[in-house]
There are 2 protein chains.
Amino acid sequence: MNKKYAIECKSCEINCDRKKELCSYCLAQKIIRGKWKMLIIRHLKDGSVRFNELNRLIPTTPTTLSRQLKELENDGVIERISYNEVPPRVEYMLSPIGEEFKKVMDSIKQWGDFYINQL
Amino acid sequence: MNKKYAIECKSCEINCDRKKELCSYCLAQKIIRGKWKMLIIRHLKDGSVRFNELNRLIPTTPTTLSRQLKELENDGVIERISYNEVPPRVEYMLSPIGEEFKKVMDSIKQWGDFYINQL
DNA sequence: CAGAATCCAACGTGATACTG
DNA sequence: CAGTATCACGTTGGATTCTG
């Protein structure tokens, strides 16, 4: 198991008897924590999207969007393809890991609906 | 739909065509964002736990743990029962909404396993 | 035991200006 | 178009001390 992506779960190291299980949670939490990451993944669900297009869909600054995209890329959740064109064109899309995350998104949506119905 | 719990998703208001779907995501993100919340829910999965017991399982200070517990309670995810005893005894457990969240936890675990296998 | 109060440091996000 | 650099700021979490 080489360190392709960074995974570290301090909590697990300290107190988890079922390391792998807890790591999954911390892993997901790490990805979900970023303010716009859920939204990014949601907007990439149906295919690749360009940077500015994404920025129109997500109400934050290019600075922040760029940072969050880079983090998602480093975590292996999305992929970035840069075409050598003028004007520049860059497309973002889900990686296999990101595709797999759609299932989590679906269960989150179900739970959210349940939550809203309780109000 | 009375405002029992606070829900507001600025992103949805601004740019979402499928409001309810996105709200679910933002909702979940808002609730899970706290550094220890996933871990709290994970440790309450199998039944109620007392404050100090929880604090032994989760490597943070009582101050922070208390804050996150209160937030989870306000968001309707967990419940707090205080027994009138000396010394004091307080138990935390999942609410119905919290129980429902276990499905999300399960899908997260599956995803985490998939993730780890990609390394 | 189960916390509350207070203060502080660190981190994440946003605003602004600029660029290949 | 797709960013980067820099700075300012608010929110979060942690340390410490104290209490019913």
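Naming: A, B, ... by sequence-line order, numbering from 1 per chain.
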Residues that K35(A) engages under side chain to side chain donor-acceptor pair (under 3.5 Å), provided they are two or more places apart: none

Nucleic acid footprint by protein, nucleotides 10-20 of chain C - heavy-atom cut-off 4.0 Å, B for base, S for sugar-phosphate alone: --SBBBB---B

Separation between CG of L39(A) and NE2 of H43(A), rounded to the nearest 0.5 Å: 4.5 Å

Pairs where residues 92-103 of chain A contributes a residue and the test salt bridge (Lys or Arg N to Asp or Glu O under 4.0 Å) is met, not counting sequence neighbours: E99(A)-K102(A), E100(A)-K103(A)

Sugar-phosphate only, base, or nothing, as touched by Y83(A) at under 4.0 Å among non-hydrogen atoms: nothing

Basic-acidic side-chain contact under 4.0 Å: K70(A), E73(A): no

Listed once per pair and sorted, the ring pair (Phe, Tyr, Trp, His ring centres under 6.0 Å) pairs that draw on residues 66-111 of chain A, sequence neighbours left out: F101(A)-W111(B), W111(A)-Y115(A), W111(A)-F101(B)

Integer-rounded Å distance: dC1(C) C1' and L69(B) CG: 14 Å

Donor-acceptor pair, side chain of N55(A) and main chain of T60(A), under 3.5 angstrom: yes

Distance test, side-chain N/O of R50(B) to OP1/OP2 of dA2(C), below 4.0 Å: yes

Pairing of K37(B) and E71(B) as salt bridge, 4.0 angstrom limit: yes

5' to 3' contact window, DNA chain D with chain B (heavy-atom distance under 4.0 Å): dG13(D) to dG20(D)

Whole-Å gap separating C1' (dA2(C)) and CG (L54(B)): 12 Å

Spacing of Y92(B) atom OH relative to dA2(C) atom P, expressed in whole Å: 9 Å

Fellow cluster residues of V86(A), listed by chain then number, with links counted only when side-chain atoms sit under 4.5 Å apart: none

